[in-house]
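Because the structure is a prediction, the values reported are computed rather than measured.
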Number of protein chains: 2
Amino acid sequence: MHVNPHLLRTFVAVLDQRSFSAAASVLGYTQSAVSQHIAALEADLSTRLIERRPVAPTPAGARLLEHAPALLLLLDAARADITRLRHTHPTRLTLAHAPAALGPAVARALAQLRTTTHPLDLEVRVLGRDAVIENVLTGGADIGLVDGAAAPSDPLPLPNLGPTTTLAAAEETLAVLFPRDHPLAGRGSVRLIDLTQAQWIDAPDTAIPLDRLRAVCRADGFHPRVRHRGTDLHGLAALAAAGHGLAALPLPLAATLPGIAAVPVAAPRLVHRTELIHPANPTEAARRFADLVTDRQVPDRPQDIVR
Amino acid sequence: MHVNPHLLRTFVAVLDQRSFSAAASVLGYTQSAVSQHIAALEADLSTRLIERRPVAPTPAGARLLEHAPALLLLLDAARADITRLRHTHPTRLTLAHAPAALGPAVARALAQLRTTTHPLDLEVRVLGRDAVIENVLTGGADIGLVDGAAAPSDPLPLPNLGPTTTLAAAEETLAVLFPRDHPLAGRGSVRLIDLTQAQWIDAPDTAIPLDRLRAVCRADGFHPRVRHRGTDLHGLAALAAAGHGLAALPLPLAATLPGIAAVPVAAPRLVHRTELIHPANPTEAARRFADLVTDRQVPDRPQDIVR
DNA sequence: TCACGTGCATCAGTGTTGCTTATGCACGGT
DNA sequence: ACCGTGCATAAGCAACACTGATGCACGTGA
């Protein structure tokens, strides 16, 4: 049998759990079945994929492990795309968003949606960027909001997995978070290139990821001093206020954070951009919400980007 | 059994062939098996996917058909990535490139490779952009060259399928192809925005695709008068010279085409960019070739872009 | 209108696959 | 050196995925 998603799932599980038997119980199989799955994969590719005792990927296994999540995601996305055609609730909307992506403009559009959709059954879910996209693709959410830094009116470089539609929801000034007593805190603006050697907090789920800053500045640096996972903006702000490092967030949001001096980024010319992402065949409520978000942006209505 | 690549393959084949029995003979199955495959898929997703007599996708089937090629490609890419770890021939290099992507800079790098690699077993394959990427991913080629239009030193927006490494190979002036007797043929430069309403040839395999021009100009227009498929540059030039429409190509190349007045594009600020693409784990020869291409670009060595 | 042909669906039969349980075996810890 | 943990292997069995034969619906032509 040729590389079969089933086998891939157990492959990933085994390496996740670092154990054949643990993977078996997670997947509801016997240990023997898992052993046979891995053996089948290895026979198919005629390479050893997993080193046992300790359980770890071989070089070939590492390559496969790089492909597997995308494959499994795509499979789920295809399935979700089809089931969405049948189960579409006109008043139910599940919105997944990255922490800094739900700004005033989007919130107003949500309020507007509530006025037009009488019993609006809204569920909001705060996730990291990747998880937002994953939720939208696999049907966990009807619509998603992701944010990032980009040149004005440039699209965000989102991973392109499956047919989704992306459209600009908001663009705000980008700001760097300084502690109030920082020498640069009183400045009217800063240049990012002057901060490449500063200490940063790498908070990829909350603030602009540091590798993104490196990319837009075309510069090295931005070395993390603290790595901050999770979607807690105030925790991040507390760290930044206490001088653990810098982080980049949209100015309107950053200005409200306690203990923080938010200084706009002057160069390179960047904005904090929020994009709304939904499947190519959105649910009824998602479509209406997307219309509201874009309608309020006339006259300079951003163009839909079909990836 | 849950959505299984095997079933997806027959699904795609059935819609390709518009016939169950034709798909069966193509795949080496009996018609009965194909029928059962489709029935299994439809049962799994509990939706009708294909309308019979005539054989055509239902809306749900159309959605699945949108996902299926990417899935099957990713599967092949994963397999190719792993087999590449074992079968790596140090003197064998298969290069796939889009027609306008093999410019003087790359050709010189190839010549240089020949001096360092004694019996160089080189195979060159000219393909459309998508096919180049597909070949690189599935192991059909060790390395690929794709071209496109972008702002200077901006990366090309390539579909992101699987782990590949992309690096800039060349940037040349972009030119529009006019017939020699065209009123604008004598101009020193043109602005693309002035040509949105002109008649264009849509030659996505050869010249810059028109939807790309629309995207970089942020403008509508660029309506095709002729659609030209295939990788024949001189055929395209003949059409352009005869006044069938305009096309965009790199200036050094366009200047050599018979009957053509190649006029540089002045605005928006664009270049014809060539990128070299190879798998995250390249073969020996591919790695050496990539090194040559980038080394000759010192001092302004472009940065690697890992997608 | 009806008979016929084409082409997908369905059925029964069979070899193969993919599980389970039971047992073997190798390595690591004490 | 022993034992315990954890993956590999073997045997058995149920479910599956094919083939070949047949059924049936629709489209076609006189």
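For the pair A/Ile50 CD1 and D/dC7 C1', the interatomic distance rounds to 11 Å; values are reported in whole Å. Across the protein-nucleic acid pair, B/Leu7 atom CG and D/dC16 atom C1' stand 12 Å apart, rounded to whole Å. Separating the CD1 atom of B/Ile38 from the C1' atom of C/dT10 is a distance of 16 Å, rounded to the nearest angstrom. Atom P of nucleotide D/dC7 and atom CG of A/Leu49 are separated by 16 Å, given to the nearest angstrom. Atoms OH (B/Tyr29) and P (D/dT19) sit 8 Å apart, rounded to a whole Å. Between the C1' atom of C/dC27 and the CD atom of A/Glu51 lies a distance of 14 Å, rounded to the nearest Å. Note: CG (B/Asp44) to C1' (D/dC16) measures 15 Å, nearest angstrom.
In this structure A/Phe222 satisfies the ring-ring contact (aromatic ring centres under 6.0 Å, His included) test together with A/Trp200, sequence neighbours excluded. Annotation: ring-ring contact (aromatic ring centres under 6.0 Å, His included) contacts of B/His97 (sequence neighbours excluded): none. A/Glu42 meets the side chain to side chain contact (heavy atoms under 4.5 Å, CB included) test with A/Ile38, A/Arg48, A/Leu49, A/Ile50, A/Arg52; sequence neighbours excluded. Annotation: side chain to side chain contact (heavy atoms under 4.5 Å, CB included) contacts of B/Ser19 (sequence neighbours excluded): B/Ser21, B/Ala22. Looking at residues two or more places apart in sequence or on another chain, you find no side-chain hydrogen bond (donor to acceptor under 3.5 Å, both in side chains) involving B/Asp76. In terms of the side chain to side chain contact (heavy atoms under 4.5 Å, CB included) criterion, residue partners of A/Arg227 (sequence neighbours excluded) are, by chain and number, A/Asp202, A/Pro204, A/Arg229.
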Strictly under 3.5 Å: I want the nitrogen or oxygen pairs between protein and nucleotides 20-22 of chain D, one per line.
unit_1 : atom_1 : unit_2  : atom_2 : d
D/dG20 : O6     : B/Ser32 : OG     : 2.8

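Once rounded to the nearest 0.5 Å, the distance linking CG of B/Leu7 with NE2 of B/His37 reads 5.5 Å.
Each side-chain hydrogen bond (donor to acceptor under 3.5 Å, both in side chains) pair with one or both residues in residues 126-140 of chain B, not counting sequence neighbours, appears once here: B/Arg125-B/Asn135, B/Arg129-B/Asp147.
When distances are taken from the side chain of B/Ser35 to each of C/dT10, C/dT20, D/dT19, the shortest belongs to C/dT10.
Listed pair B/His6 / D/dA17 fails the phosphate criterion, with no side-chain N or O lying under 4.0 Å from OP1 or OP2.
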Stepwise, does the side-chain contact (heavy atoms from CB on, under 4.5 Å) test hold for A/Arg86 with B/Ser46?
CA-CA 10 Å; A/Arg86 297 183 300 129; B/Ser46 44; 3.4 Å; yes
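Remark: B/Ser19, B/Phe20, B/Ser21 in residues 11-22 of chain B come within less than 4.0 Å of DNA chain C through at least one heavy atom.
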